[in-house]
Student: 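Please see the structure below; I have some questions.
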Amino acid sequence: MDGDIELEITSGARRGNYSVRVVHAPSGGETSSKIRLDVDAILARISDLEATVLASAVSARRTIPISEQPLHDVGEKMFNALFTGAVKGTYRASLGAAQNSGHPLRVVLRLGAPELVALPWEMLYDRETESYLCHELPLLRRVPAADYSYRPLAVEPPLRILGVVPAVRDLPALDTEAEKANLSTALAEPIAAGLIELRWVPNATWDGIQSALLDGPWHVVHFIGHGDYDVVRQEGLLALESATGRSSMVESSRLLQLLREAEPTPRLVVLNSCSSGESGKEDLFSGTAAALVRGGISAVAAMQFTVTDSAAIAFSRGFYGALAHGRDIDRAANSGRRSIMGLGTFEWVTPVLYVRGDATRLFNLGGATSGAGPIPPAPKSPPIGHEREEPRKLALYERALSSLGEKHYPTAISLLGEVLALDAEFRDAAALLAGARQSQEFVDIYYAARQAQNVGEWGAAAQGFKRIQDDPDFQDAGPRRESCERRQRLADLGKMMWQRAEMGDWRSVLALHRDLLALDPSATDPSGLVSRAHKEIIYAMARKAERSGRLTEAVGGYKEVVRIDPGFRDAMSRLRRYRPFAE
C-alpha cells in the first residue's frame with residue numbers, strides 16, 4: 001500500500017546483529033541500516049512485561065506512573081534499534097509524506113529472524129513524539145510466505161462468525177457460558193443491526209467443529225480457550241475437547257487442516273488464548289498464529305500475553321465493530337486497541353496481528369462484486385443422468401479454480417481429479433491438474449529447502465532453492481540460494497582449514513582464512529587455528545634459523561612466539577638458551 005513503511009529485519013553475522021531494510025516507504029528510497037538489538041535481554045523480561053500489563057488492569061495500580069516504566073524502557077530500546085541512521089530518516093520523512101497526502105502511515109514488519117517474532121513490537125515507543133506507535137499508527141506483522149494476492153471476499157451481510165469455546169476439565173476452568181455471553185454482549189449492536197451473525201459450536205471437539213464448519217460459509221472463526229507452545233516440536237498448540245471432556249491439544253498444522261473443512265476457508269481467525277501469539281525462537285512459523293497465516297489464512301489476530309476478560313471483550317467490540325463497518329483488518333485491530341485503552345490498562349499491547357501478502361481488506365460487505373464471492377456449494381439433490389453430472393462437474397470445477405486462486409493445491413488437485421473422473425475432457429481440467437501438481441511440487445521443494453536451511457544443510461538447501469528461484473511465487477528463493485551457497489562455501493573453507501592444520505600445512509591454513517575473510521569479513525578464528533598457524537610458522541622459521549646458526553634471527557622469532565603465547569612448545573626455553581649468544 002502507498003501509505004506503508006515496510007521494514008524487513010534479517011539476521012546479521014552474530015546473534016544480536018541485524019540488518020534493517022526499508023522495502024517501501026511513502027517518502028521513497030530503499031535505505032538500510034545495521035543495528036544491534038539485545039534480543040536475549042528483552043526475551044528475559046517478557047514475564048515481567050506481561051506482569052506489568054496484567055497489573056495495569058487492577059484499578060488500584062492504574063494511577064502509579066512508574067508501573068509503566070518497563071514498557072517505556074523496552075519499547076524505547078526497540079524503537080531506537082529499529083529506527084536508526086538512514087532508516088530513521090526515511091521513517092520521519094514518511095510520516096510527513098503520509099500527513100501531506102491525507103493517508104495515515106502504516107508500519108509493516110517483515111521479521112526474517114526467528115527470535116524476532118517473539119519480541120513485543122507492539123511496545124515500540126517513540127521518545128520524540130512521546131507516544132507508542134500502536135497508539136498512532138496501525139502496526140502489523142507480515143508473514144513471509146508466497147503472496148496469495150487475495151481479492152476481498154464479497155459478503156452479503158451478516159458477517160458470519162463461528163465461535164469455539166472448548167470446555168475442558170483438566171485445565172484452568174473457563175466459564176463457557178460467561179465467555180459466550182461476553183462476546184455476544186460485545187457484538188450486540190452489529191448483531192442487532194444485521195451486520196454480524198454469531199453462532200457457537202455446541203461441542204468443541206474435533207468432530208463437533210468439523211461438523212459445524214460444514215454448515216458454512218464462515219467468514220471468521222473466533223477461538224476462546226487455552227493455548228500452549230510445544231518447545232520440543234517447536235509448534236503452537238490449542239486445547240480442544242476430547243470425547244471424555246479432557247483437553248485434546250491440537251497442533252497448529254492440524255488445526256489448519258480442520259479449518260479447511262469450511263468452503264471457502266475462513267479468511268480470519270481470532271485466537272483469544274493465553275499463548276496463541278507466542279512463537280518459537282527457532283522456527284519462524286512455529287507459533288499458532290503465524291503458522292495459520294503461512295498455511296493460507298489471510299489474517300490472524302492473537303494474544304501475545306494472557307488477556308483479562310474485560311480487555312478481551314473490549315477488543316472484540318472495537319475489532320468486530322470496525323470490520324462490520326467495512327474497515328480493513330489493520331484498522332480494525334487499531335479500533336480494538338482503542339477500545340482496550342478505554343479501560344485504562346496497558347493491555348492494548350497484547351493483541352498481535354499477522355497478515356499474509358499485501359491484502360488487508362478481507363471482506364467487501366453488502367454484496368460488492370470486487371471479490372470472488374462465496375464458493376457455490378454442489379447441488380444437494382441433482383437430477384438423474386447427464387443433467388445430474390453436469391452441475392456437479394461445474395461446481396467441482398469452480399471450487400477447484402477458487403482453491404487454485406488461493407494456492408490450496410492439495411484441495412485443487414483432489415477436486416480436479418474428481419472432475420476428470422466424471423469427464424476426462426472437461427474444459428481445461430487436465431491442464432489445470434498438471435499445473436497444480438507442478439505448483440505443489442514447487443511448494444514441497446521450497447519447504448524442504450527451508451527445513452534444510454534451518455538445520456544447516458546448506459548444499460541441499462541451495463539446490464532446492466535453485467530449482468524454484470525463477471517461479472514468481474518464491475521471490476525469496478534466489479536470495480536464499482545465494483545465502484546458502486555462501487554458507488556452504490564458508491563451511492567448506494572451515495573444514496579445509498582443519499584438514500590442512502592436521503597435515504601441518506600452516507601456510508595453507510592462513511591462505512584459506514584469507515579466502516574466508518573475503519566471503520565474510522566478520523568471520524572469527526575457528527577454534528584458534530589462525531592464531532596457531534601464525535605461531536607455528538614463526539616457530540618453524542626460528543628453528544630453521546637456529547639450525548643455520550643465525551642466532552639473532554632465531555632469538556627474534558622465539559621472542560615473537562613467546563610474546564604471543566609464553567607456553568607455546570619450547571620457545572621460552574630456547575629463547576633463554578640462545579639470547580646470550582645473540583646479544
Side-chain angles (χ1 to χ4, degrees), residues 1-12 17-37 39 75-113 116-117 119-150 284 290 293 298-299 327-334 337 349 352-362 472 475-476 478-480 483:
M1 292 178 61
D2 292 338
D4 286 357
I5 178 169
E6 185 165 356
L7 306 172
E8 182 181 56
I9 314 170
T10 53
S11 299
N17 293 334
Y18 301 94
S19 296
V20 180
R21 180 173 68 92
V22 177
V23 179
H24 171 81
S27 62
E30 293 189 2
T31 53
S32 62
S33 294
K34 302 291 185 182
I35 69 170
R36 172 70 187 170
L37 182 62
V39 172
E76 185 175 5
K77 181 179 296 184
M78 293 175 65
F79 181 93
N80 291 338
L82 181 60
F83 296 106
T84 186
V87 172
K88 182 178 181 180
T90 301
Y91 169 67
R92 297 294 182 203
S94 296
L95 284 173
Q99 185 175 14
N100 291 334
S101 69
H103 299 292
L105 187 66
R106 183 174 69 174
V107 178
V108 180
L109 300 180
R110 289 188 192 179
L111 305 175
L116 295 175
V117 182
L119 298 185
W121 295 99
E122 290 66 26
M123 290 183 186
L124 286 169
Y125 183 81
D126 186 349
R127 176 63 66 181
E128 292 185 25
T129 61
E130 296 185 347
S131 63
Y132 295 96
L133 261 63
C134 275
H135 287 188
E136 310 295 330
L137 310 170
L139 184 148
L140 55 88
R141 305 178 182 205
R142 181 161 290 157
V143 173
D147 187 355
Y148 283 4
S149 298
Y150 272 127
L284 187 58
V293 173
S298 297
R327 294 283 181 88
D328 288 5
I329 187 69
D330 55 318
R331 312 292 180 195
N334 256 31
R337 294 187 199 280
V349 78
V352 180
L353 179 62
Y354 295 84
V355 299
R356 181 187 188 102
D358 295 324
T360 55
R361 177 169 290 274
L362 304 186
Q475 296 182 9
D476 63 335
R480 286 183 180 276
S483 175

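Residue numbers count from 1 along this sequence.
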Student: On a heavy-atom basis, which atom in V293 and which in S298 lie closest, and how many Å separate them?
Tutor: CG1-O, 4.5 Å
Student: Could you walk me through whether R21 and L7 pass side-chain contact (heavy atoms from CB on, under 4.5 Å), step by step?
Tutor: CA-CA 6 Å; R21 180 173 68 92; L7 306 172; over 6 Å; no
Student: At what distance, to the nearest 0.5 angstrom, does CG of L82 lie from OH of Y18?
Tutor: 12.5 Å
Student: Start with the C-alpha distance between K88 and V20, add both sets of side-chain angles, then the distance that settles side-chain contact (heavy atoms from CB on, under 4.5 Å), and finish with yes or no.
Tutor: CA-CA 10 Å; K88 182 178 181 180; V20 180; over 6 Å; no
Student: Backbone N or O of T90 within a donor-acceptor pair of the S94 side chain at under 3.5 Å?
Tutor: yes
Student: Give the minimum heavy-atom separation between T84 and A81, together with the two atoms involved.
Tutor: CG2-O, 3.6 Å
Student: Going from CG on D126 to CG on L95, what distance comes out if it is rounded to the nearest 0.5 angstrom?
Tutor: 8.0 Å
Student: Quick one: closest heavy-atom pair of L139 and C134, and the distance?
Tutor: CB-SG, 4.2 Å
Student: Closest heavy-atom contact between L37 and K77?
Tutor: CD1-O, 4.4 Å
Student: Could you pull out the closest heavy-atom pair between L119 and M78, with the gap in Å?
Tutor: CB-CE, 3.9 Å
Student: If you measure from OG1 on T360 to CZ on R142, what distance do you get to the nearest 0.5 Å?
Tutor: 8.0 Å
Student: Show your reasoning for whether side-chain contact (heavy atoms from CB on, under 4.5 Å) applies to R106 and D330.
Tutor: CA-CA 9 Å; R106 183 174 69 174; D330 55 318; 2.7 Å; yes
Student: So which heavy atom on F79 is nearest to which on L124, and how close?
Tutor: N-CD2, 3.4 Å
Student: As an exercise, state the distance from OH of Y354 to CD1 of I329, rounded to the nearest 0.5 Å.
Tutor: 14.0 Å
Student: Could you measure the distance from the CG atom of L137 to the CD1 atom of I5? Nearest 0.5 Å is fine.
Tutor: 10.0 Å
Student: Could you tell me whether the side chain of R141 and the main chain of V117 form a donor-acceptor pair under 3.5 Å?
Tutor: yes
Student: How long is the straight-line distance from CD of E122 back to CZ of R337, given to the nearest 0.5 Å?
Tutor: 5.5 Å
Student: Ignoring hydrogens and geometry, is there a side-chain-to-backbone donor-acceptor pair from W121 to L116 under 3.5 Å?
Tutor: yes
